[in-house]
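Notes follow once the structure below has been shown.
Because the structure is predicted, anything quoted here is derived from the model rather than measured. Start at 1 and go down the list; that is how both ligands and their atoms are numbered.
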Amino acid sequence: MIELLDPAEMAEADRLTIAAGTPGIVLMEAAGRAVADVAARSPLGTRIAIACGPGNNGGDGFVAGRILMARGYRLQLGLLGSIAALKGDAALAAAEWRGETLPLADLDFGGADLIIDALFGAGLDRPIEGPAAAAIAAINASKARVVAVDLPSGIHGGTGQVLGVAVRADDSVTFFRPKPGHVLMPGRAHAGRLTVADIGIRPQVLDAIQPRTALNRPELWLPHLPTPKVDGHKYDRGHALVVSGGMTQTGAARLVARAALRIGAGLVTMASPPDALAVHAAHLTSIMLKRMEGAAGLSELLADKRLNVVAIGPGLGPVDVSLPLVEAALASDASIVLDADGISAFREDPDRLFAALRKRSAPVVLTPHDGEFARLFPDLASLPGKLDRARQAAARSGAIVLLKGADTTVAEPAGRAAIADNAPPFLATAGSGDTLAGMITGLLAEGMPAFEAAAAAVWLHGDAGVVLGRGLIADDLADALPRVFARLFV
Ligand SMILES: NC(=O)C1=CN([C@@H]2O[C@H](COP(=O)(O)OP(=O)(O)OC[C@H]3O[C@@H](n4cnc5c(N)ncnc54)[C@H](O)[C@@H]3O)[C@@H](O)[C@H]2O)[C@H](O)CC1
Ligand SMILES: [K+]
């Protein structure tokens, strides 16, 4: 598993390592060397400019400069503030620097082929202004390759947000583990290619830190992915019910149903209002079809306890139609995937949903995009970074919250979270969210734990996008799943 450590957790890893006997300057030496190694991929004639900040990020820059100078590179080093103001390890690193230390404003970024951004890292705690902001503007305006130390200056390590202004780097060299800010947008876009260097921090420190955030990778959920039993039959793999909207918007529910069946549900039934039955009947083959007469009809269908998961929301329709249907689903014992109109049905009264959720024991997965999220959690919508938004929404609602985007983040009420970075941009197409909801539905039908099911569906959905490539439409995604699984198990 690849844990993501926020700046506070990273500082704790530092502290524990130093307390265990490794001096901080040894860590800084290793950090600076890792930066120098990445910079040294450039030929010896490369003109290098190093911008150092007032703290240990700057200290790393001094170490990198000393090593690169010893390797024969021509370089300039500029410092924000004075050498006398440097403290601790940064002061020790600066004391070993034998070159000239220019005022930051005198650095010739325009004449550099490579710039090392050692202004700010994990210690950034407010928007960047003044000479540092001017330097960042000059760095971003230059033609140079930019290597960021730890984080691109201006990116918050915990949220990935830009504080004032931020460096756009080609490479970022971080230490021990990535930070959420390296994966969350726009931090990921600013970081460029990420190198995670081992600087001598022992993984055992994680036992004390107990990190709650991880990168969404197969090793996170693969052990929980149900494997069909050789002697199993379809009833072993659950029975999902997908609730359709009226005849003018039935496609969304079919995308959900197809994805649920493709990913592995044993059986899938479409619950259809009378006016949409003929439309579905013309399209459905391996998905069964049941007539549903309003909320009472849905409750009747859900009296069949073999239906262990309900997907409801995509294409469901306006609030007067969707609200009673969603509440009928919530009143059942089935797991629920609630998306789209099913989420917006509560825009007038989110607490009505939370009250219903509190009464349930079977899991609920909410899959909002930012707009739907703001309707359910208006006060959380302005929190910086998806991670805090998803985590606080999960704690409040008691549901698994899957907040969609280029950095889709899944959070559970107890605090675990997983951030995805494998979705290609062209996955953002009509119906893609419906397919994702269906994939979660299918994995829940098979009995996968809800957090792992949501995380797995996000990753598999992204990988389907990678497999299909540009030009994909949502209809293709479910059918790509056999190839996605083949790649996963190869
Ligand atoms: N184990 C590790 O991760 C190691 C990390 N190292 C490096 O240390 C920095 C973190 O150093 P720190 O001194 O805590 O903070 P910064 O250098 O990032 O920031 C310096 C200082 O600047 C002040 N500040 C914050 N925001 C602003 C602002 N907008 N404008 C002006 N000044 C600001 C604040 O007081 C900060 O303290 C980490 O990134 C790594 O590069 C170790 O070198 C090796 C081990
Ligand atoms: K930096």
Side-chain angles (χ1 to χ4, degrees), residues 3-20 22-36 38-39 50-64 79-81 85-94 96 104 115-136 139-140 146-158 161-179 181-182 187 190-192 194-203 205-206 209:
E3 299 85 356
L4 299 175
L5 298 187
D6 67 25
E9 291 169 324
M10 201 60 237
E12 178 63 3
D14 241 8
R15 188 191 66 76
L16 291 168
T17 303
I18 292 168
T22 306
I25 189 61
V26 170
L27 296 176
M28 184 170 281
E29 275 292 319
R33 185 169 302 282
V35 172
V38 170
I50 304 181
C52 292
N56 284 342
N57 199 247
D60 293 352
F62 274 103
V63 172
L79 173 62
L80 176 67
L86 293 173
K87 296 187 294 297
D89 295 336
L92 294 177
E96 295 301 307
L104 182 64
I115 295 169
I116 293 177
D117 157 28
L119 287 167
F120 299 106
L124 183 76
D125 57 15
R126 55 190 186 276
I128 294 181
E129 297 159 346
I136 289 173
I139 290 170
N140 288 341
V146 179
V147 177
V149 177
D150 193 10
L151 287 153
S153 296
I155 293 296
H156 188 281
Q161 298 299 292
V162 173
L163 297 191
V165 62
V167 165
R168 279 192 300 281
D170 299 287
D171 281 281
S172 290
V173 183
T174 194
F175 316 114
F176 182 54
R177 289 293 185 276
K179 294 175 173 67
H182 288 119
H190 280 262
L194 185 63
T195 300
V196 184
D198 174 0
I199 59 170
I201 295 176
R202 296 176 310 112
V205 298
L206 295 172
I209 294 169

Whether S153 has an N, O or S atom under 3.4 Å from the K ion (ligand 2)
yes
Please work out whether any backbone atom (N, CA, C, O) or any side-chain heavy atom from C-beta onward of L124 is under 4.0 Å from ligand 1, and answer side chain, backbone, both or neither.
both
May I ask you to identify, for P127, whether its side chain, its backbone, both or neither come under 4.0 Å of ligand 1 on a heavy-atom basis?
backbone
Within the structure, is a non-hydrogen atom of [X] found at a distance of less than 4.0 Å from ligand 1?
X	value
P54	yes
F176	no
A132	no

For the K ion (ligand 2), the closest N/O/S atom belonging to D117:
O
Check ligand 1 against [X] and write out every atom of the ligand that is under 4.0 Å from a heavy-atom position of the residue.
X	result
I201	1 (N)
I128	29 (N)
D125	25 (C), 26 (N)
D14	1 (N), 2 (C), 4 (C), 45 (C)
G121	16 (P), 18 (O), 39 (O)
F175	40 (C), 41 (O)
I199	1 (N), 45 (C)
M10	1 (N), 3 (O)

